[in-house]
Structures are given as C-alpha cells and as structure tokens.
Engineer: 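Got a structure for you, questions after.
Ligands are counted one by one from 1 in listed order, and the atoms in each one are counted from 1 as well.
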Amino acid sequence: MPAVEKLIRLHKSLLVLSHGEGFIEHPRISKLKHIIQSCAEQLNVSRVSVWKLDSDAQRIVCEVLYLHETDQYYQGAALYQTDFPSYFQAIAEDRLINADNAITDPRTKEFADSYLIPNEICSMLDAPIFSSGKLQGVICLEQVGEQRIWDMPEMSYVASLADHISMINEHELWLRDREQLEFLEQYDPLTGLEKRNQFLKRLDFNQQEVGDSENPRALLLIGLDSFASINDKYGHTVADHLLVAFARRLEKLTRRMDCRLARVGGDKFGIWVPNLEDTEKLNLLTHQLKQMSRTPLKICNEEFVNISSSTGVVIYPIEGETVTSPMRCAELAMQRAKENTRGGVQYFAKDWLVQLQSKRSFEHELAEAIEQSKLVPFYQPIFCAEQESIVGLEALVRWPHPDKGNISPGEFLPIARKLGLMERLGSLMLKKACEDLVTFEQQGKSVGWVSVNIASEQLHNSALSEEIASLLQEHDLPACKIELEIVEELIGQNSAFVRSQLEALSSLGVRMAIDDFGTGYSSLSRLKHMPVTKLKIDKSFVDGLPDADNDRCIANSIVGLAKGLQMELVAEGVELPEQADYLKQMGCEYLQGYYFAKPMSKDEILKLL
Ligand code: C2E
Ligand code: CA
Ligand code: CA
C-alpha cells in the first residue's frame, strides 16, 4: 500500500476511535486500552504499552500493556533511570525512538539482557508523551520474533497516538482543576466544612421541597464569643487553629445525628436539623453545646484557651411567618444569647419579629426626621450665679414626634449613632442654633451665647471649623455667640488630630467648654495646653452637694482647678437651692439645672427671656 494511503488509513482509524461516542467520558484506563489495542491491530504489532513518568523523572511505570497474540492486558512494571540512563535521555530529547534493531540501537540496547532477549523483542518504536511542555510518559510498541523496519506512516501514527494521550492528560488536569474550584466555592478550606452559600442553598431547597408542611426543622447558629480579642491576643495562626479545633468538636457532636454542619461566617457555625421528630434530639444537642462551650480548647504548646460560644436556635416553619428567613431568626437568637449570658443557648421567639419591626420603623422614622430637619433644639438657660440672671442657653436636641411627643436624646442618640447620622444631626443643631440666635436678636431678646453639644463624629470631621465659619458668616453672627461643648472623654484621648481640630475651632473665636468634666480622666497637664476656656462640672458631682463628703471634695478641687487654670466654671444639674448656694459660695460663676429652669422650646424661651 502506498505510504500516503497508509498514513490516511491509520489517522482515520485514530479519528474514528477518539471521536467515538462517549470516548472522552471513559475512565482513563479504558481510554488507554482502546488506544493501544487499536494500535496493535492497525499495525499488527506484538506488544503496545503506555508508561507514566514519576514527577521526579526517576522512574517510569507501566500503566497498561497489551499483548496482541493473547489479547491480554498487563500493568505495573517499572523501569529506573539509574538502570537505563540512555533510554531515559532519549525519551526526554528525541521526538521518536525508532529502534529497528533494539538489541544494538544505542538508545535501547541497555534493555537487551534483562528485557528484550527474555521477551524475544527485536524492534521498538517509542514516542514520548509531553503535556504542558513536560515529559509525562511514553507509548511503546514492541515487535516480537522478527525485526521490523518502522516506516514513515507508522512513525507518524505513533507520534499522533502520543499527542492523543497528552490531550487526555490535559483534559484530566482541567477536570481536576475544575473540581478543586468547585470544592473551594462550596467548602471552607480552613475547616473543610460547607460554606454559608452552600448551606443556605440546602436550607432553601429543603424549604421549597417540603413546602409548608408541618414537618418541623431546626436551625442552630453558634458564634464564638469574643473571637476578635482571641485574634488580637494570640494572632491569626492560633485563632485559625482554634477555629479548626472547634469545628472538629462540632463535627464530633453532630456526626451521630442526622444533621448538617457548616461554617457560615468567620467565627460562626450553623447546624441544620432536617427531621425534628421530637424536641429531645434538639435538647440533647443544645445541652452538649453548652457543655462543649465550657471545656477549654487546646492550642499549640499545651496551652488551653477558654472559649465560650453562644447559640441561637430557631424551630421552623414559624406559623404565619413567611418573610423572615430561618437564618435571620437564628441570627437574632444568637445575638440575644450573646447579650444575655455568654456561652448560653437562646431560642427564637416569634414576638421578637414584632419588636424588630417596630425598632425598624423607629429607625426609619428617625432617619427621615433627621433628613427632613425635623429635629429641634430645646434651650436650657445658664444662669450667672451672682445676679441669678440668664447669660447663656444650652441647645439640647429634641425630636418632636407626631404620636410620642418630644422624644429625649437619650432615646434616639444611640440609634442615630448606630445609623451613622450623628454628623448630620450635629450640623442641623448648629444651623438651628444660629437661626434661633438671629431670631432672639431680632426680637430684642439678646443672650450671651448658645452652647451646642458636639459629638465625637463631628469633631473627627476635619470640615467642622469650615462649616461653623460659614454658618457664622451666613447668619452674620460674631463667633463668641456660639459655644461648643465637647465631652471630656474626647479631650482625654490625647489625639493629635483632635488637638489640631480644637485649635482650628478656637482660632475662629468660638467659645469652647469641656462637658461632663470630672468623668473623662483628662490629664491636668494636657488641660493646661488645650484651647478651652470653660469647664462644666458633671451633674454626678453636683448631686451629692452640699452634704456628701466625696462630692464636696471633688467639686472643691474642680473649682480650685478652674481658678488655677483661669477657666470659667459651670455647674450643671443643679436641682436644689442648697446646691446652688454651696456652688455660688465656692465661687462657681455659672449655674444650670432644673432648680433654675428646665430645657424648653424656642417659643417658651422667648417668653422667659
Ligand atoms: P448633657 O450635655 O450633659 O446635657 C445635660 C442633660 O441633663 C440634658 O438632658 C438636660 O435636660 C439634663 N438636665 C439639665 N439640668 C438637669 C437637672 O437639674 N436635673 C436633671 N436630672 N437633669 C438635668 P438631655 O437634654 O436629655 O440630654 C442628654 C444628653 O444628650 C446631653 O447631656 C448630651 O450629651 C446629649 N445631647 C443633647 N443634645 C445634643 C446635641 O444636640 N448633640 C449632641 N451631640 N448631643 C446632645
Ligand atoms: Ca452639654
Ligand atoms: Ca453635661
């Protein structure tokens, strides 16, 4: 047969084989068997085998050998580089080893005594298999009994077979990478547990599958307490170690029960109990969780760490509840467990959702009220102790609520803070204070100054002094009409930024007072260098005057301090005439409190002025 025709025939056979239905899906070994058997038949060759090179290239192992005559497969033989260096060099460097006379060919003759002669092999045709530029193995054809001259079509065909096996290798690598990727998407590499998404999918799927059936299920959410501080104290490696140890404990706990475990967050684990025939199973689980929480975990170097966990539990479906997901309910329960007693277990209660709803709407209303500038300042007069006349006013925020009346800051400031609205609220108060100052002037009811409370969020914004400057300009007010009250706690922090802010504010000419003085541990030396001209003695020290020894002692020393530093002094929260008398007698210049006047609306204050 002419060479070209033979070439075409051989390659066609290869195409037919590799494009056969499902060929690529076959397991590797079966693909290899197909290839070598077909090769043996097409070329009428005695033995065909595929060998795989070890990763260190020191050994090749026979993956499969086909004996044409007996139609049998073998595997497992191994050849070492140290025994056959010429051959190993040849497969690494040559495209093909066509040894017509294998006994004398320099590349294969080292096999003669141990392999070729005993097996009566006369000729060899080997093609190395490369994948990703690296030698991976070899396909090996051997003729038994008589010598054979390998022709060009045969050599080309065998080289193609090697390429084919190389493609199979690449495909396998790709599959393995894909599997690894899928694994990483679904499983947490640290603990090996399912990840949150995968876990939630399972919950959702189950919810749909079982629909609204009565079959109760439970979801437990377990959060490690104070994990952040463990991270800080021991570092990430130890913290990771702890997480793994904790996960293993949970695994041990859940293994015997029909439930699923996942790591649903950094330090949070979820347990899903799909079939909750009776609550006994759940009781057992929570009991064991509590106990587990009390047993210290061992970290490296024999050291033990006490680490507790708080658990939230929800049993669902919850009657009539379709909006809130079980995971959200479990999160709420876990949050409560953490707030109550750490290391405890808290079951979700349906009426929380009502509370949550009203909390949400309160938050929403507050945000809207701030956004729409509906919050207003109430004013509490500050009196001159000598003449008992009004010298200044403190602006105190109120929320005039349509149903609840004027809400005090104690109720909504923490929420505004949580919602990140303190700066907005502060700007609003500054603006309204300026507007009201203008009104007071216009109506001939002049006051010395208005004190405005400044939140830490405002003080940490470098645009504050610019904001105040432009407000003063806009309302045509002298800077001394505004006093800023800054809590001592903020001053005590000794931050260079806060200091520079205070200096910028002071250079505007606004007055500055330290609020709640005596509670914030500011150092006296620092105080001396602060651009502040007034102290407000905190109400807690005024309360016990004039009888309580310690309050008297503290009040006296604050008065002495203010005098020494040449600062003005205000006492807040004065409720009794004796307190007023005592403070006046001590030399405190300004007094403020219910004894003189409560905070009141702008209209009320206008009447009073
Ligand atoms: P604060 O600055 O120490 O204000 C004094 C608080 O004590 C005010 O409560 C005032 O109504 C109350 N008070 C005054 N005299 C007496 C008294 O004789 N007896 C008693 N029992 N209480 C008295 P309010 O208005 O509820 O404000 C509470 C806190 O909310 C303020 O404490 C201040 O820290 C904060 N705050 C109020 N308005 C604002 C504001 O516009 N911005 C910021 N950032 N905080 C504000
Ligand atoms: Ca104040
Ligand atoms: Ca105060």
Engineer: Closer than 4.0 angstrom: is that true for some heavy atom of R398 and an atom of ligand 1?
Structural biologist: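 For ligand 1, residue contact (heavy atoms, under 4.0 Å) with R398 is present.
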Engineer: With salt bridge (Lys or Arg N to Asp or Glu O under 4.0 Å) as the test, would you mind laying out the steps for E441 and K481 before giving the verdict?
Structural biologist: CA-CA 11 Å; E441 292 289 331; K481 284 281 177 184; 3.1 Å; yes
Engineer: Looking only at heavy atoms, what is the nearest atom pair of R263 and L193, with distance?
Structural biologist: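 Answer, listing the atom of R263 first, then L193: N-CB, 3.9 Å.
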Engineer: Looking at ligand 1, does any of its N/O atoms fall within less than 3.5 Å of an N/O of D515?
Structural biologist: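 N/O-N/O distance below 3.5 Å exists for this pair.
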Engineer: Is atom 7 (O) of ligand 1 less than 4.0 angstrom from some protein heavy atom?
Structural biologist: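 Not a single protein heavy atom is under 4.0 Å away.
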Engineer: Identify the closest protein heavy atom to atom 3 (O) of ligand 1: which residue and atom is it, and at what distance?
Structural biologist: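 Going atom by atom, the protein heavy atom closest to atom 3 (O) of ligand 1 ends up being D516 OD1, 3.5 Å.
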Engineer: For the rings on F596 and Y590, is their centre-to-centre separation under 6.0 Å?
Structural biologist: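 Not under 6.0 Å, so no.
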Engineer: Enumerate the atoms of ligand 1 whose separation from the nearest heavy atom of E394 is less than 4.0 angstrom.
Structural biologist: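 Answer, ordered by atom number: 2 (O), 4 (O).
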Engineer: Specify side chain, backbone, both or neither for V452, according to which of its non-hydrogen atoms lie closer than 4.0 Å to ligand 1.
Structural biologist: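 Under 4.0 Å from ligand 1, V452 contributes no heavy atoms.
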Engineer: Counting non-hydrogen protein atoms only, what is the nearest one to atom 12 (C) of ligand 1? Give residue, atom name and distance.
Structural biologist: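 Checking every protein heavy atom, the shortest distance to atom 12 (C) of ligand 1 gives Y594 OH, 4.1 Å.
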Engineer: Are E488 and D515 packed together at the side-chain level, in the sense that at least one heavy-atom pair is separated by less than 4.5 angstrom?
Structural biologist: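 No, every pair of side-chain atoms sits at 4.5 Å or beyond.
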Engineer: Which of the atoms of ligand 1 are close to E572, meaning less than 4.0 Å from one of its heavy atoms?
Structural biologist: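 In order of number, 3 (O).
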Engineer: Donor-acceptor pair, K445 side chain versus L606 backbone, under 3.5 Å?
Structural biologist: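 Yes; at least one donor-acceptor contact below 3.5 Å.
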Engineer: Any nitrogen or oxygen of V397, main chain or side chain, under 3.5 Å from a nitrogen or oxygen of ligand 1?
Structural biologist: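 Among all N and O atoms of V397, at least one is under 3.5 Å from an N or O of ligand 1.
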Engineer: Side chain to side chain donor-acceptor pair (under 3.5 Å) between S451 and E394: does it pass, once the steps are laid out?
Structural biologist: CA-CA 5 Å; S451 300; E394 179 175 1; over 6 Å; no
Engineer: Under 4.0 Å from a heavy atom of L413: which atoms of ligand 1 are those, numbered in the order shown and with their elements?
Structural biologist: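 Answer for ligand 1: 30 (O), 35 (C), 36 (N), 45 (N), 46 (C).
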Engineer: Is it the side chain (CB and beyond), the backbone, both or neither of D538 that lies under 4.0 Å from ligand 1, heavy atoms counted?
Structural biologist: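 Neither; no heavy atom under 4.0 Å.
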Engineer: Could you check whether atom 38 (N) of ligand 1 has a protein contact, counting only heavy atoms that fall below 4.0 angstrom?
Structural biologist: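 Protein heavy atom within 4.0 Å of atom 38 (N) of ligand 1: present.
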Engineer: Going by heavy atoms in the side chains, are F412 and L425 under 4.5 Å from each other?
Structural biologist: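 Yes, close enough: below the 4.5 Å cut-off.
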Engineer: Salt-bridge test for D188 and K195: reply yes if a basic N is under 4.0 Å from a carboxylate O, no otherwise.
Structural biologist: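 No salt bridge links D188 with K195.
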Engineer: Got a donor-acceptor contact below 3.5 angstrom from the Q458 side chain to the A455 backbone?
Structural biologist: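 Between the backbone of A455 and the side chain of Q458 there is a qualifying donor-acceptor contact (under 3.5 Å).
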Engineer: Check whether any side-chain heavy atom of M567 sits under 4.5 Å from a side-chain heavy atom of T533, and report yes or no.
Structural biologist: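 Not touching, per the 4.5 Å side-chain cut-off.
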Engineer: Using side-chain heavy atoms (C-beta onward) and a distance below 4.5 Å, is N340 in contact with Q346?
Structural biologist: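 Touching, per the 4.5 Å side-chain cut-off.
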Engineer: May I ask you to list the atoms of ligand 1 that are less than 4.0 angstrom from any heavy atom of G573?
Structural biologist: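 Those atoms are 15 (N), 16 (C), 17 (C), 18 (O).
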Engineer: With ring centroids as reference points, do W399 and F362 lie under 6.0 angstrom apart?
Structural biologist: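 Yes.
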Engineer: Do the side chain of R552 and the main chain of L545 share a donor and acceptor less than 3.5 angstrom apart?
Structural biologist: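 Checking the backbone N and O of L545 against the side chain of R552, no donor-acceptor pair under 3.5 Å is found.
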Engineer: When you measure from atom 32 (O) of ligand 1 to every protein heavy atom, which one gives the shortest distance, and what is it?
Structural biologist: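 Atom 32 (O) of ligand 1 sits closest to the protein heavy atom L396 CD2, 4.9 Å.
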Engineer: Looking at atom 24 (P) of ligand 1, what's its closest protein heavy atom, distance included?
Structural biologist: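 Ranked first by proximity to atom 24 (P) of ligand 1 is P409 CG, 3.7 Å.
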Engineer: Under 4.0 Å, heavy-atom basis, I'd like to know which part of K598 is in contact with ligand 1: side chain, backbone, both or neither.
Structural biologist: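 Near ligand 1, K598 shows nothing, with every heavy atom at 4.0 Å or more.
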Engineer: Taking just the N, O or S atoms of E394, which one is nearest to the Ca ion (ligand 2)?
Structural biologist: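 This residue's closest N, O or S atom turns out to be OE2.
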Engineer: Could an N or O of ligand 1 be found under 3.5 Å from any N or O of Q458, whether backbone or side chain?
Structural biologist: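 The answer is no, given that Q458 and ligand 1 share no N or O pair closer than 3.5 Å.
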Engineer: Under a 4.0 angstrom heavy-atom cut-off, which atoms of ligand 1 come close to M429?
Structural biologist: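 So the atoms of ligand 1 that pass are 41 (O).
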Engineer: Output yes when the distance from some N or O of ligand 1 to some N or O of N453 is under 3.5 Å, and no in every other case.
Structural biologist: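 By distance alone, the answer is yes.
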Engineer: Which is it for A455 and ligand 1 at heavy atoms under 4.0 Å: side chain, backbone, both or neither?
Structural biologist: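 It is both parts that get close, each with some atom under 4.0 Å.
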Engineer: State, without any angle test, whether D538 and S540 hold a side-chain donor-acceptor pair at a distance under 3.5 Å.
Structural biologist: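 S540 and D538 do have a side-chain donor-acceptor pair below 3.5 Å.
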Engineer: Ring centres under 6.0 Å, that's the criterion: do F269 and F246 meet it?
Structural biologist: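 They qualify: ring centres under 6.0 Å apart.
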Engineer: For atom 19 (N) of ligand 1, what's the nearest protein heavy atom and its distance?
Structural biologist: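 Of every protein heavy atom, E575 OE2, 2.5 Å lies nearest to atom 19 (N) of ligand 1.
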Engineer: Would you check the N or O atoms of Y595, main chain and side chain alike, for any that come under 3.5 Å of an N or O of ligand 1?
Structural biologist: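 No, there is no polar N/O contact under 3.5 Å.
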Engineer: Could you tell me whether a side-chain N or O of T295 sits under 3.5 Å from a main-chain N or O of Q291, the two making a donor and an acceptor?
Structural biologist: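 The answer is yes, because a donor-acceptor pair under 3.5 Å joins these two groups.
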Engineer: Answer yes or no: is there a side-chain heavy-atom contact under 4.5 Å between V510 and I468?
Structural biologist: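 Yes. Closest side-chain heavy atoms under 4.5 Å.
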Engineer: Among all protein heavy atoms, pick the one closest to atom 15 (N) of ligand 1 and tell me residue, atom and distance.
Structural biologist: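 I find the closest protein heavy atom is Q380 NE2, 3.0 Å.
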Engineer: Taking only residues two or more places apart in sequence or in another chain, which ones pass side chain to side chain donor-acceptor pair (under 3.5 Å) with Q380?
Structural biologist: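 If we apply the side chain to side chain donor-acceptor pair (under 3.5 Å) test to Q380, skipping adjacent residues, the hits are Q592.
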Engineer: Hey, is the main chain of M292 close enough, under 3.5 Å, to the side chain of R249 for a donor-acceptor pair?
Structural biologist: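 The answer is yes, because a donor-acceptor pair under 3.5 Å joins these two groups.
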Engineer: With atoms numbered from 1 as shown, which atoms in ligand 1 lie under 4.0 angstrom from a non-hydrogen atom of G593?
Structural biologist: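 Listed by number with element, the hits are 15 (N), 18 (O).
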Engineer: Within 45° of the six-membered ring axis of W352 and under 6.0 Å from that ring's centre, is NZ or CZ of R336 located there?
Structural biologist: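 Here R336 passes the 6.0 Å and 45° test against W352.
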Engineer: Within the stated cut-off of 3.0 Å, is an N/O/S atom of N453 closer than that to the Ca ion (ligand 2)?
Structural biologist: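 Coordinating: yes.
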Engineer: Could you find the nearest protein heavy atom to atom 11 (O) of ligand 1 and give me its residue, atom name and distance?
Structural biologist: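 Answer for atom 11 (O) of ligand 1: P599 CG, 3.3 Å.
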Engineer: Could you enumerate the protein N, O or S atoms under 3.0 Å from the Ca ion (ligand 3), written like residue then atom name?
Structural biologist: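 As for protein N, O or S atoms lying under 3.0 Å from the Ca ion (ligand 3), they are D515 OD1, D516 OD1, E572 OE1, E572 OE2.
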Engineer: Taking atom 44 (N) of ligand 1 as the reference point, report whether a protein heavy atom occurs under 4.0 Å from it.
Structural biologist: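 When distances to the protein are checked, atom 44 (N) of ligand 1 has a heavy atom within 4.0 Å.
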